[in-house]
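Keep in mind that what you see is a predicted model, and the values were worked out from it rather than measured. Keep in mind that the numbers below use all heavy atoms, side chains included, and drop hydrogens, waters and symmetry copies.
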Amino acid sequence: MIRSVSARHSSRADGGFPVRLAFDLNGNWLVDEHELAEKLSADVKELRRLDKLGLVIIRIETGSGSDEGRSRVTVRTEQAGWEGIFDRTGALIDETRLQTAKPLNGFAH
């Protein structure tokens, strides 16, 4: 589930948003839903709706070996996907838009 935080008003020089990797006390990823919607080229209201239906899949992986101190966050909906690599301070250091291969629920619409 997406745990929203208040919008940050700073942006990068390339027009992107400064998504960070931070967690609440329950271990949920704290992310501004507007920033995440932008990454997925989605409407914020639609992203909220999909999240409530359990159709926003978020996977967070911790790096090991040469990737020690880095984390990869993968976010998928049926329409879009995004992957971000974060350093140990929680700063976004790389990102990729992902192709969606099949419906998340296994059924075609």
Side-chain angles (χ1 to χ4, degrees):
M1 178 177 286
I2 299 170
R3 297 288 182 222
S4 183
V5 295
S6 61
R8 294 179 198 97
H9 297 289
S10 60
S11 63
R12 296 187 319 228
D14 66 0
F17 292 96
V19 174
R20 302 226 14 111
L21 185 62
F23 299 95
D24 67 13
L25 294 175
N26 295 318
N28 295 304
W29 181 31
L30 295 171
V31 62
D32 184 295
E33 59 193 7
H34 293 89
E35 292 176 4
L36 187 56
E38 178 74 23
K39 298 295 184 187
L40 296 168
S41 297
D43 177 73
V44 174
K45 289 181 183 179
E46 178 64 6
L47 185 61
R48 278 188 210 132
R49 186 184 76 77
L50 291 172
D51 188 41
K52 286 180 183 176
L53 293 171
L55 297 174
V56 177
I57 308 301
I58 300 173
R59 184 176 65 205
I60 300 174
E61 301 169 279
T62 303
S64 61
S66 64
D67 290 322
E68 184 79 31
R70 294 184 178 186
S71 297
R72 175 175 36 214
V73 176
T74 305
V75 181
R76 288 191 177 274
T77 67
E78 288 186 356
Q79 297 80 24
W82 175 83
E83 183 174 272
I85 305 296
F86 296 83
D87 68 13
R88 70 178 67 246
T89 69
L92 179 65
I93 57 175
D94 193 19
E95 62 184 321
T96 305
R97 289 289 310 252
L98 303 173
Q99 298 284 339
T100 54
K102 62 180 182 177
L104 297 175
N105 62 9
F107 297 99
H109 295 279

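- Taking CG from D32 and NZ from K39, the interatomic distance works out to 11.5 Å, rounded to the nearest 0.5 Å.
- Every residue was checked against the salt bridge (charged side-chain N to carboxylate O under 4.0 Å, His left out) condition with R88, not counting sequence neighbours, and none meets it.
- By the 30° and 60° cut-offs, the orientation of the rings of W29 relative to W82 is parallel.
- Using a 4.5 Å cut-off between side-chain heavy atoms of Ile, Leu, Val, Met, Phe, Trp and Tyr, I85 falls into a hydrophobic cluster with I93.
- Without hydrogens or angle criteria, R76 side chain to Q99 main chain gives a donor-acceptor distance under 3.5 Å.
- Considering CD of E46 and CG of L50, their distance stands at 4.5 Å, rounded to 0.5 Å.
- Annotation: salt bridge (charged side-chain N to carboxylate O under 4.0 Å, His left out) contacts of E61 (sequence neighbours excluded): R59, R72.
- Annotation for L98 and E83: closest pair CD1-CB, 4.0 Å, computed over non-hydrogen atoms.
- In this structure, the side-chain contact (heavy atoms from CB on, under 4.5 Å) partners of T89, at least two apart in sequence or on a different chain, are R20, D87, A91.
- Of all heavy-atom pairs between R97 and A80, the closest is NH2-CB, 3.9 Å.
- Residues satisfying the side-chain contact (heavy atoms from CB on, under 4.5 Å) test with A42, not counting sequence neighbours, are L40.
- With sequence neighbours left out, the salt bridge (charged side-chain N to carboxylate O under 4.0 Å, His left out) criterion links R48 to E33.
- Rounding to the nearest 0.5 angstrom, the gap separating the CG atom in L36 from the CD1 atom in I58 is 6.5 Å.
- Following chains of ILVMFWY side-chain contacts shorter than 4.5 Å, one can reach V75 starting from F23, so the two form part of one hydrophobic cluster.
- Nearest heavy-atom pair, L21 versus S71, reported as atom, atom and distance to 0.1 Å: CD2-CB, 3.4 Å.
- Heavy-atom minimum distance, V19 versus L92: O-CB, 3.5 Å.
- Contact between D43 and A37 at its shortest, heavy atoms only, is C-CB, 4.3 Å.
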